[in-house]
Amino acid sequence: QVQLAESGGGLVQAGGSLRLSCAASGIIINFRPMAWYRQAPGKQRELVAQFSSGGSTNYVDSVKGRFTISRDNAKNMMYLQMNSLKPEDTAVYYCCAPALNIGMDHWGKGTLVTVSS
C-alpha cells in the first residue's frame with residue numbers, strides 16, 4: 001500500500017543544481033522519520049539526509065552546506081535541493097521511509113543523478 005516515487009534526477013554540469021522530489025502515498029510523512037539515500041556503482045548505499053521523528057535534520061558530511069532536505073506536508077512530498085553539485089555526487093538517489101521493524105523499510109525505485117566535470 002505504501003508507495004514512494006522519486007523524480008527530478010538528470011544530467012548536470014559540476015556546480016549546477018537539481019531538486020529531487022519524493023511523492024508519498026499510503027503514509028503521512030509529517031513528523032515521520034524520512035530519509036534520502038544514494039548509491040553509486042561499486043559503492044555501498046549511504047544515508048545522505050534525513051528527518052528524525054522529531055523533525056530535526058541530519059546530513060552526511062560530504063553534502064553539508066550544499067544539500068537541503070525539506071517537505072511539504074500539504075502535498076505529502078519530500079524534497080532534496082542539491083546545489084554546487086560535484087561529480088562525486090553522481091548516484092541513484094532513493095527516498096526512504098523507515099519502518100518500526102528491521103527489514104520493513106519503504107523504498108522508492110530511485111532517480112539517477114549524473115554530474116559531469
Side-chain angles (χ1 to χ4, degrees):
Q1 186 69 20
V2 176
Q3 289 187 295
L4 302 173
E6 305 93 340
S7 62
L11 174 64
V12 297
Q13 295 282 344
S17 298
L18 283 174
R19 186 195 192 201
L20 306 184
S21 299
C22 173
S25 61
I27 56 170
I28 304 299
I29 68 170
N30 188 28
F31 302 117
R32 178 194 179 92
M34 296 288 294
W36 286 99
Y37 284 77
R38 67 184 180 187
Q39 187 170 27
K43 299 180 66 177
Q44 297 286 339
R45 186 172 297 188
E46 69 171 343
L47 177 64
V48 178
Q50 65 178 346
F51 284 107
S52 72
S53 59
S56 62
T57 58
N58 188 52
Y59 300 89
V60 67
D61 286 344
S62 61
V63 309
K64 287 181 179 177
R66 300 189 297 118
F67 291 11
T68 303
I69 189 172
S70 64
R71 54 190 169 194
D72 184 336
N73 295 322
K75 296 180 178 180
N76 209 35
M77 298 275 289
M78 184 174 69
Y79 306 96
L80 184 67
Q81 179 66 47
M82 306 184 296
N83 298 326
S84 302
L85 283 162
K86 305 174 181 179
E88 49 263 46
D89 295 319
T90 295
V92 176
Y93 285 72
Y94 298 90
C95 180
C96 178
L100 292 175
N101 298 322
I102 297 175
M104 298 295 292
D105 293 349
H106 303 291
W107 294 89
K109 301 189 76 172
T111 185
L112 177 62
V113 172
T114 303
V115 184
S116 62
S117 59

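Annotation for Ala24 and Asn76: closest pair O-ND2, 3.0 Å, computed over non-hydrogen atoms. What you find for Gly26 and Val2 is that their closest heavy atoms are O-CG2, 3.8 Å.
Other members of the cluster containing Ile102 do not exist, because no ILVMFWY side chain is joined to it at under 4.5 Å.
Atom OG of Ser62 sits about 8.0 Å away from atom NZ of Lys86, to the nearest 0.5 Å. Ser21 OG to Gln81 CD: the interatomic distance, rounded to the nearest 0.5 Å, is 9.5 Å.
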Task: side chain to side chain contact (heavy atoms under 4.5 Å, CB included) evaluation trace for Val63 with Arg38 - done: CA-CA 12 Å; Val63 309; Arg38 67 184 180 187; 3.9 Å; yes
TODO: Using the side chain to side chain contact (heavy atoms under 4.5 Å, CB included) rule, take Val48 and Ile69 through it: C-alpha gap first, then chi angles, then the decisive distance, then the call.
DONE: CA-CA 9 Å; Val48 178; Ile69 189 172; over 6 Å; no
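No side-chain heavy atom of Gln50 sits under 4.5 Å from any side-chain heavy atom of Pro33. Looking at Cys95 and Met78, their side chains come closer than 4.5 Å, going by heavy atoms from C-beta outward. Contact check for Thr68 versus Asn83: no side-chain heavy atoms found under the 4.5 Å cut-off. Looking at Glu6 and Leu20, their side chains never come closer than 4.5 Å, going by heavy atoms from C-beta outward.
Every salt bridge (charged side-chain N to carboxylate O under 4.0 Å, His left out) that Lys64 has, sequence neighbours left out, goes to Asp61. A search for side-chain contact (heavy atoms from CB on, under 4.5 Å) contacts involving Ala99 returns Met104, Asp105, not counting sequence neighbours. Not counting sequence neighbours, the partners of Arg66 by the salt bridge (charged side-chain N to carboxylate O under 4.0 Å, His left out) test are Asp89.
Gln44 CD: 12 or fewer foreign heavy atoms inside a 6.0 Å radius.
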Between side-chain atoms of residues 106-117 and protein atoms elsewhere (two or more places apart, or another chain), which donor-acceptor pairs fall under 3.5 Å?
residue, atom, partner, partner atom, Å
Thr111, OG1, Gly9, N, 3.1
Ser116, OG, Val12, O, 3.4
Ser116, OG, Gln13, OE1, 3.2

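The one candidate from Gln1, Arg32, Gln3 that meets the side chain to side chain contact (heavy atoms under 4.5 Å, CB included) condition with Ile27 is Arg32.
Each of Leu80 and Met77 belongs to its own hydrophobic cluster when Ile, Leu, Val, Met, Phe, Trp and Tyr are linked at side-chain heavy-atom distances under 4.5 angstrom.
Not a single donor-acceptor pair under 3.5 Å links the side chain of Asn73 to the backbone N or O of Ile29.
Judged as a ring pair (Phe, Tyr, Trp, His ring centres under 6.0 Å), not a single pair has a partner in residues 50-103 (not counting sequence neighbours).
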